[in-house]
Amino acid sequence: MTSIHPLTIDAYNLFHKGILAFARAERAGIRVDLDYVTRKSEELTNKIASLEEDLRDTKFYKKWNKMTEKEVNYNSSTQLSNFLYKELGIKIKKETASGKGATDKETLQKLNIPEIDIILEIRKLKKNRDTYLKPFIREQVNGYVHPFFNLNTVVTFRSSSSNPNFQNIPKRDVESMQLVRRAIYPRLGHQLLEADYNSIEVKIAACYHKDPTMLKYLHNPKSDMHGDMVKQIFMIDDFDKTLPSHKILRDAAKNGFVFPEFYGDYYKNCAVSMACVWGQLPQGGWKEGQGIPMVEGTLADHMISHGIKSLKHFENHLEKIEKDFWENRFPVYATWKDRWWTLYTKKGYVDSLTGFRCGGVMRKNDVTNYSIQGSAFHCLLWAFIEIDRIMQEEKWDSRIIGQIHDAIILDVHPDELEHVKQVIHRVTCEDLPKAWKWIIVPLEIEMDCSPVDKSWAEKKKIEN
DNA sequence: GGAACTCGCCAC
DNA sequence: AAACGTGGCGAGTTCC
């Protein structure tokens with residue numbers, strides 16, 4: 001159990017005002033298209049039933065049915081795990097936290113059993129119907145849902161959201177994104193506006209450790225930290241992020257190495273993630289023609305030509321890069337991590353830049369991650385409170401309706417759009433750094449907007 | 001018959 | 001020596 005308490009009066013005031021501002025957003029609520037939700041839920045139910053029939057027809061299912069005593073429930077991870085790993089005797093490649101054979105999507109896909117794809121498809125449809133659409137119906141009042149935004153639940157002093165959770169609506173998977181976000185609408189004659197802080201956690205981390213190399217990256221818009229890592233990790237001299245293959249490698253470096261390293265992961269996990277998940281290369285040895293296509297040949301061709309012929313080789317390669325990453329590229333970041341850990345072991349807590357104290361039992365990674373995560377969110381919270389204040393003072397027709405850690409979402413009258421955008425930009429990027437002197441990096445905000453009377457699925461990036 | 005747990009999966 | 005942070009929530013299972 002972690003014991004936590006706000007430290008300063010500033011921290012107390014931030015949360016006090018934050019709760020009041022959140023309450024106004026909760027009261028405003030979010031309009032949902034109930035007809036659509038009902039219709040789509042029924043559609044999903046039919047699709048699920050049809051896939052269920054397909055599944056029952058398969059040899060896989062019949063075998064499963066024969067081998068187990070009770071009736072097969074393909075939704076049960078317990079039953080599926082037992083059938084695959086005990087009855088069929090498939091070797092367990094990944095275990096769950098409690099040591100049973102895992103049946104998550106990634107693990108199942110590797111088994112190459114076509115019938116399992118049906119189960120995965122059903123899982124996805126059920127997830128969309130039961131986790132996202134259903135609660136809209138359950139929670140709505142007169143066609144509006146009123147998600148809670150809580151400030152008293154998270155160990156890092158971030159927020160959470162519930163009933164329904166507005167902070168985990170599908171975004172990356174295009175099919176799920178469109179399906180669920182099509183249910184979310186602005187008020188009649190309005191449009192939805194979302195403003196996101198760019199890389200706020202990396203920037204706030206830099207305010208803690210002040211690593212000069214990182215500060216240079218953040219101050220120079222032409223520099224590209226992840227591109228530089230691609231050059232080093234994949235040995236590409238002429239890196240060009242407009243090339244599709246280089247874009248994939250950049251995402252691999254960013255999400256498979258740089259961010260995990262910042263959170264405290266290490267080279268072995270990163271090697272698997274980059275090579276196998278992003279690069280589509282196998283776990284063991286690599287052969288020509290394998291992996292994602294490059295400008296010439298494939299990723300395996302490229303890596304082999306540079307002497308890296310297996311995951312094991314790649315791991316060794318990445319071990320050196322990790323050492324270089326912390327010892328030569330970001331040494332000040334690394335010593336800050338050590339310093340904060342030592343501080344924590346002496347005092348039993350660390351104090352954040354936003355005036356909060358994180359104490360109690362923490363692991364090494366927690367000590368640095370908690371402070372950064374909390375303070376990054378507090379930037380958004382400060383802006384939320386200020387925009388909410390201006391909204392009331394100027395008697396906007398527009399309303400703030402929610403927040404997703406580093407983003408604020410509004411329901412805006414078109415006549416007010418330009419002004420609202422201007423206020424958001426000024427508050428988030430200019431007023432905040434003036435108010436909090438410890439912010440020593442430039443802040444940027446990105447905005448997305450839906451057309452008038454169109455759903456959240458139709459939002460597009462706009463200039464601000 | 002409900003509480004507590006596990007697992008999987010969505011977001012940042 | 002160890003090895004990725006924070007949540008919510010639905011469904012299934014196990015415990016009492």
Worksheet entry | Test: A/Arg158 cationic atom under 6.0 Å from A/Phe377 six-membered ring centre, within 45° of axis | no
Practice prompt. Could you point out which residue of A/Phe325, A/Phe262, A/Tyr217 forms a ring-ring contact (aromatic ring centres under 6.0 Å, His included) with A/Tyr333?
Written response: A/Phe262
Worksheet item: Just checking A/Pro170: base, sugar-phosphate only, or nothing, at a heavy-atom cut-off of under 4.0 Å?
Response: sugar-phosphate
Worksheet item: Centroid-to-centroid, A/Phe166 to A/Trp456, below 6.0 Å?
Response: yes
Fill in: Minimum-distance nucleotide to A/Thr96 side chain [options: C/dT6, B/dC10, B/dG8]
B/dG8
Worksheet entry | A/Phe257 CZ - C/dA3 P separation (whole Å) | 19 Å
Worksheet item: From the list C/dT6, C/dT13, B/dG8, which nucleotide is the closest neighbour of the side chain of A/Asp104?
Response: B/dG8
Item to complete: Mind running a 4.0 Å heavy-atom check of residues 400-409 of chain A against DNA chain B and sending the residues that fall below it, in number order?
Response: A/Ile404, A/His405, A/Asp406
Worksheet item: Hey, does A/Glu201 reach any base, or is it just sugar-phosphate, or nothing, if we go heavy atoms under 4.0 Å?
Response: nothing
Practice prompt. Check whether the side chains of A/Asn75 and A/Asn73 place a donor and an acceptor atom closer than 3.5 Å, and report yes or no.
Written response: yes
Item to complete: Consider the side chain of A/Tyr266, meaning its heavy atoms from C-beta on, and name the nucleotide among C/dG5, B/dC9, C/dA3 that approaches it most closely.
Response: C/dA3
Item to complete: Select base, sugar-phosphate, or nothing to describe what A/Asn369 touches, counting heavy atoms under 4.0 Å on all strands.
Response: sugar-phosphate
Worksheet entry | Euclidean distance, atom CG of residue A/Asp265 to atom P of C/dC4 [Å, nearest integer] | 5 Å
Practice prompt. Please evaluate the base of C/dG7 for a donor-acceptor partner in the side chain of A/Gln167 within a cut-off of under 3.5 Å?
Written response: no
Worksheet entry | Phosphate-side-chain proximity, A/Lys171 and B/dC12, N/O vs OP1/OP2 below 4.0 Å | yes
Worksheet, complete the sentence: In whole angstroms, the gap separating P of B/dG8 from CG of A/Asn73 amounts to 14 Å
Worksheet item: Okay, side chain of A/Tyr344, backbone of A/Met362: is any donor-acceptor separation there less than 3.5 Å?
Response: yes
Discussion item. Donor-acceptor pair, distance only, cut-off 3.5 Å: does the side chain of A/Thr107 make one with the backbone of A/Thr103?
Written reply: no
Worksheet item: Can you check the A/Glu95 CD to B/dT6 P distance for me, whole Å?
Response: 15 Å
Discussion item. So if I apply the salt bridge (Lys or Arg N to Asp or Glu O under 4.0 Å) rule between A/Asp33 and each of A/Lys454, A/Arg181, A/Arg182, which one comes out positive?
Written reply: A/Arg182
Discussion item. Checking contacts here: which listed nucleotide (C/dT6, C/dG8, C/dG10) is nearest the side-chain heavy atoms of A/Arg138?
Written reply: C/dG10
Item to complete: Identify which nucleotide among C/dG5, B/dA11, B/dC7 has an atom closest to any side-chain atom of A/Ser98, counting heavy atoms from C-beta outward.
Response: B/dC7
Discussion item. Would you say the rings of A/Phe259 and A/His226 are close, in the sense that their centroids are separated by under 6.0 Å?
Written reply: yes
Worksheet item: With respect to the side chain of A/Ala102, which nucleotide from B/dG8, C/dA11, B/dC12 is positioned closest?
Response: B/dG8
Discussion item. Counting the atoms with a prime plus P, OP1 and OP2 as sugar-phosphate, which does A/Thr368 contact under 4.0 Å by heavy atoms, base, sugar-phosphate, or nothing?
Written reply: nothing
Worksheet entry | Rounded distance in Å - CZ (A/Arg363) to C1' (C/dA1) | 16 Å
Item to complete: Under 4.0 Å between any heavy atoms, over every strand shown, what does A/Ser176 touch: base, sugar-phosphate, or nothing? Just pick one.
Response: nothing
Item to complete: For the side chain of A/Val155, starting at C-beta, report the closest nucleotide among C/dA3, C/dC9, C/dT6.
Response: C/dT6
Discussion item. Taking only side-chain N and O atoms of A/Asn75, does any of them lie within less than 4.0 angstrom of OP1 or OP2 on C/dG12?
Written reply: yes
Item to complete: Could you tell me the separation between the CG atom of A/Asn165 and the C1' atom of C/dT6, rounded to a whole number of Å?
Response: 12 Å
Discussion item. Counting the benzene-type ring for Trp, do A/Tyr267 and A/Phe257 have ring centres under 6.0 Å apart?
Written reply: no
Fill in: Nearest listed nucleotide, side chain of A/Thr103, among B/dC7, B/dC12, B/dC10
B/dC7
Worksheet item: Where along residues 109-136 of chain A does a heavy atom fall under 4.0 Å from DNA chain C?
Response: A/Lys127, A/Asp130, A/Thr131, A/Lys134, A/Pro135
Worksheet item: Do A/Arg56 and A/Tyr61 have a side chain donor and acceptor closer than 3.5 Å?
Response: yes
Practice prompt. Among the candidates C/dC9, B/dG8, C/dC4, find the nucleotide nearest to the side-chain atoms of A/Ser77.
Written response: B/dG8
Worksheet item: To the side chain of A/Arg158, which of B/dG8, C/dG8, C/dG5 is closest?
Response: C/dG5
Worksheet item: How would you label the contact of A/Ile169 with the nucleic acid (heavy atoms, under 4.0 Å): base, sugar-phosphate, or nothing?
Response: sugar-phosphate
Item to complete: Find the distance A/Tyr263:OH to B/dC12:C1' and express it as a whole number of Å.
Response: 7 Å
Worksheet item: Is the A/Phe15 ring parallel, tilted or perpendicular to the A/Phe356 ring (thresholds 30°, 60°)?
Response: tilted
Practice prompt. Return the value, rounded to whole Å, for the distance between atom CH2 of A/Trp341 and atom P of C/dA3.
Written response: 12 Å
